[in-house]
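Worksheet: one structure, shown below.
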Amino acid sequence: MLRPPELIPASPDFWPRLAQAFLRMARAEGWGLEQGRDYSAVRIVVPTYQHANSLLRALGASLQGNFIPPRIHTLFALLEMQAPDSQGQPGTDASERLMGLYAELRQHPWLKKLFGARSNTDLLPLAQTLLTLSDELTAALLPLAVKGSATNRTAANKAKLEREWQAALAQLPAPAQAMLSEESQLVWSVWQGQLDGNDPMLQRYGRLMQLASQAAEPLLWISPTAPDAMEAAFLQAWAKNQTVMQCTLDWRAETLPQPYYHAWPGLQDAGGPSHQQALTEYVDTSHIRLCCAASLEDEAVQGAQTIINWLQAGKQNVAVVAQDRVVSRRMRALLERAQIMVADETGWKLSTTRAAAAIAAWLEVVATRADTMTLLDFLKSPYVIWKDSEQDTELADADVESRDKADIVMRIESVLRRANILGGWEAVLSALDGAQDTVAARRWLRAIARQANQFTGRRSLPEWCALSLQSFFDLSMFNAFQADPAGAQIIQLLQKMQMSCEDMKAGFTFAEWRSLMSLQMESTPFVVTHADKRVVMLPLNGARLRSFDAVLLVGADARHLPSQASEVLFFANAVRRECGLETRESRQQQQLRDFAELLLSNTDVVLSWQGSLNGEHNPVSPWLEQLGLTLERTQQAMLDSLPLALPVTCLPVLPQQMPAPSAAALLPTSLSASGYTSLVVCPYQFFAGRMLGLSAMDELSDMPEKRDYGDWLHAILKRFHEQLKTAMQEQGQEQGQVDKEALLRSVSSEFFADVLQKSPAALAYSVRWEKVIPSYIAWVQAREDDGWQFDMGEIKAEKMLEWSGGSLTLKGRIDRIDKHQSGELAVLDYKTKNANDLRKRLKDGEDHQLPFYGLLTELPVSSASYVALELSQGKTGQTDADDFERWVSELAQSIRNSMAALQQGAALPAHGVEQACQYCEMRGLCRKGAW
């Protein structure tokens, strides 16, 4: 027998009142009396096990003594306890259903055109949406099509469903019907195709009916919402054998307290009997407080402080309703900083975990063939463990120090950034082959490349799962995943998919496999268990039939309350209504009921939101506006909106002073021209960059920069002058008989041909150099006429510089050395600047590059010049240094004095001028501007 529903208004006393209703029914039905308060013959179904605990506590308080409780289950657990049907088929795994439908959809090109899909993988979300719709239709319409058993479908029932479907579509306007004809037919076809013996919803309905047919005890159904079509059919079938009583919330108008009913008429079911309440009825709303924050950070801080105050006041059961997830995350971080752990019942998406990020990085490495930034991101993941499983006889002693993973990754990054390698396994491995102390790194990356190259071709789902799991083993990631809760969940997901999809033979590409993995991790929740249950974070619907000591709702603005559910593509709201599915209105009504229940069932509620968003006014939720207007109309006390007074801590004032460290122990063993220039410009810059080694790494750029242009010209001119010198020596020709311009153009064209293959954007620099060539050849000819000849170029040089008590090695690369007929030598340095800028550079003494090169060479250099490689009034030229030998001597003495002072502990102040500080990489360390 199906008894009339027991309706209980939402309040903190819901469970005690439900316990009293249960005991009254037990006395009326004779349960638990003769057996001495033994209620084990009654079966109770609750939404979650938290509700089971609440019911048991309420029964214990009502009975005031020992008793044998009823058997309490969730519906899911009750079905899981059933013995499997020997004649039934195993249910289809969600991944197998999804990819099976996707494999069918990708066979129809018109679907891609209809939904604007650019590739097959864009149909994967469509397949997931269609399956969701199919399950909704099954839950709503299957009881109409199935009589008794879930496998007994007749033609009459199918025809009835077809009529229901067409009637639903007929409710739409004619233009909408034409627009939805193809989409509705697609939904209908997919749903009909899914209704087979393997459909999980069909199997669930069959198990429900089988369970109801075996009912041997009374059933108490407790739920905050009305049962859906399947659940209603289950209760009716159970009632044919045993007594069934439903207990749910009472939303009738006469039971709703004023002002809630007048503020929110939508709480009552549409079409229900109206009930006029007096507006003068007083209802205490002092337990509701509003908190209008100034910003996201302010709302998070206010919320965190509110919870801390509650805990300090002795509250042990606090709930955070996370309507605004961004603010909730920030507030959770603040609470954890205060050593207050938050038990999150909402669950994060698995895709937001570090383990999922590591897998996403690995799949991106495979897809991009080792894009540099993606590869470095993957290598830095804590789940990627470096393990030197091979012994290489090429491993040098110096490379033993690179056994640490962090050091190896740093070496790899340094090499790739210095060479500006944007990606590609060949380019990455080639760059490492040309670097020193990278034997272990090359071996590691070759192993990763071998794994990545296996992710090709078309494979079945079990094969992709097996390959992915094997790659985790080979990359030494498996154990790290298993040690992490999120990683272990991903491994279990892959293993389950491999086993459940073993009969699926359809082949899928790597792009499709990657899209499936992304979709699975995006739709799978990850819940972390915490022993500390004092503060729990949950969604609004998670607070149904639960009472807390205090509740904080975050995001009580119009954007988040009510929350707007994403619409299901093309399925119109009118069609959903006629088919008996959940509609936009029903979702919003249920959310309003959840909100009203939250206010009615808890004695201390704080509702917070941001008063302004992106510089604009952010209005409060319309539900709160309606409640406030109703209170104002009835001349009742308005909702308290006083902000929380945050504790203020006065910090002592610590005046900042210019940093002037002393680091005699860090005296460098070598010095370059740029290093000495850094010491002259700003000693602190030299300290941080050269002594501490904190110089920033080179930035990767897919566009060539001016420094690249300078490197290219250095290489071109070295090749040109060496070929010219060789040609003159071998052929014995006079200088004037060699076409220098043709030779330089040939060398330049050949060099830029290779550059343009790697970076087509270098074309502008190629054209730029072509315009300079005639002027440069004119300068070469004029210099030869003056008796100078190219001697050598790009010379690596080192020289030991000593002083009393110490020494260091000067290092550098000299661009060019020329030799005069008289035997004199000259140092030349190429600059991609014009002659005017170079003359100003020498006049102002901006750097000491030329005399530093004079120190490096052991040869008797008598002069030095900058060579302009940019046009000025249509010409290039050279800028000579005055009194070069004296400048070299003074520089040598200056370096000795500076290094001796550093060795004796001299301070290194940050006294650089603004022009030098403007682009200094160390400004964040010296904090100029704060002192």
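The analysis underlying the following values was restricted to heavy atoms, covering all of them including side chains, and did not include hydrogens, waters or symmetry mates. Numbers for residues simply follow the sequence, beginning at 1.
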- Checking side-chain contact (heavy atoms from CB on, under 4.5 Å) for the pair L744/I773: CA distance, chi angles, key distance, verdict? CA-CA 7 Å; L744 181 54; I773 287 178; 3.8 Å; yes
- Message: Please evaluate residues K380 and E413 with respect to the criterion salt bridge (Lys or Arg N to Asp or Glu O under 4.0 Å), reporting the C-alpha separation (whole Å), side-chain torsions for both, the decisive distance (0.1 Å), and the verdict.
- Response: CA-CA 10 Å; K380 293 175 183 178; E413 183 171 4; 3.0 Å; yes
- Trace of the ring pair (Phe, Tyr, Trp, His ring centres under 6.0 Å) decision for Y776 with W779: CA-CA 5 Å; Y776 179 79; W779 171 80; 5.5 Å; yes
- Item | Audit row: V680, F686, side-chain contact (heavy atoms from CB on, under 4.5 Å) steps and yes/no | CA-CA 8 Å; V680 173; F686 179 81; over 6 Å; no
- Message: Please evaluate residues Y765 and D708 with respect to the criterion side-chain contact (heavy atoms from CB on, under 4.5 Å), reporting the C-alpha separation (whole Å), side-chain torsions for both, the decisive distance (0.1 Å), and the verdict.
- Response: CA-CA 10 Å; Y765 285 111; D708 300 316; over 6 Å; no
- Query: Between R446 and D433, is a salt bridge (Lys or Arg N to Asp or Glu O under 4.0 Å) present by the stated rule, with each step listed?
  - Reply: CA-CA 11 Å; R446 286 195 187 102; D433 287 339; 3.2 Å; yes
- Task: Take L363 and F510, measure what side-chain contact (heavy atoms from CB on, under 4.5 Å) needs, and give me the verdict at the end.
- Result: CA-CA 9 Å; L363 297 178; F510 169 73; 3.9 Å; yes
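Donor-acceptor pairing under 3.5 Å is recorded for the side chains of E824 and S862. Between the side chains of R839 and N836, a donor-acceptor pair is found at a separation under 3.5 Å. There is no side-chain donor-acceptor pair under 3.5 Å between D371 and T368. Q878 and R783 form a side-chain donor-acceptor contact under 3.5 Å, judged by distance and modelled atom types alone. Remark: the Q849 side chain and the Y853 side chain contain an N/O donor-acceptor pair separated by less than 3.5 Å.
The pair R411-D407 meets the salt-bridge criterion, since a charged nitrogen lies less than 4.0 angstrom from a carboxylate oxygen. In this structure, R896 does not pair ionically with E802, as no charged nitrogen and carboxylate oxygen lie closer than 4.0 Å. A salt bridge links K740 to E784: at least one charged side-chain nitrogen sits closer than 4.0 Å to a carboxylate oxygen.
Ring geometry, F884 versus W887: the interplanar angle exceeds 60°, so the pair is classed perpendicular (tilted spans 30 to 60°).
Atom-to-atom distance recorded for K718:NZ and I795:CD1 is 9.0 Å, nearest 0.5 angstrom. Atom CE of residue M373 and atom CG of residue L422 lie 10.5 Å apart, to the nearest 0.5 angstrom. The line from CZ of F752 to CD1 of I716 is 4.5 Å long, rounded to the nearest 0.5 Å. Taking CG of L416 as the reference point, atom CD1 of I421 lies at 6.5 Å (rounded to 0.5 Å). Between the CZ atom of R707 and the CG atom of D711 there is a distance of 8.0 Å, given to the nearest 0.5 Å. Considering OG of S775 and CD of E870, their distance stands at 11.0 Å, rounded to 0.5 Å.
Partners of R745 under the side chain to side chain donor-acceptor pair (under 3.5 Å) rule, at least two apart in sequence or in another chain, are E741, E770. Partners of Q723 according to the side chain to side chain donor-acceptor pair (under 3.5 Å) rule, which considers only residues two or more places apart in sequence or in another chain, do not exist here. Take H820 and apply the ring-ring contact (aromatic ring centres under 6.0 Å, His included) test, not counting sequence neighbours, and it matches W788. Annotation: salt bridge (Lys or Arg N to Asp or Glu O under 4.0 Å) contacts of E921 (sequence neighbours excluded): none. For the side chain to side chain donor-acceptor pair (under 3.5 Å) test, no residue two or more places apart in sequence or in another chain qualifies with S471.
For F481 and Y383, the gap between ring centers is short of 6.0 Å.
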Identify each donor-acceptor pair in which a side-chain atom of residues 898-913 lies under 3.5 Å from a protein atom, sequence neighbours left out, and give them as a table.
unit_1, atom_1, unit_2, atom_2, d
S898, OG, S894, O, 3.0
Q903, OE1, W803, NE1, 3.1
Q903, NE2, G805, O, 2.8

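Around NZ of K833, the count of heavy atoms belonging to other residues, nucleotides or ligands within 6.0 Å does not exceed 12.
Judged by the 6.0 Å and 45° rule, R841 forms a cation-pi pair with Y866.
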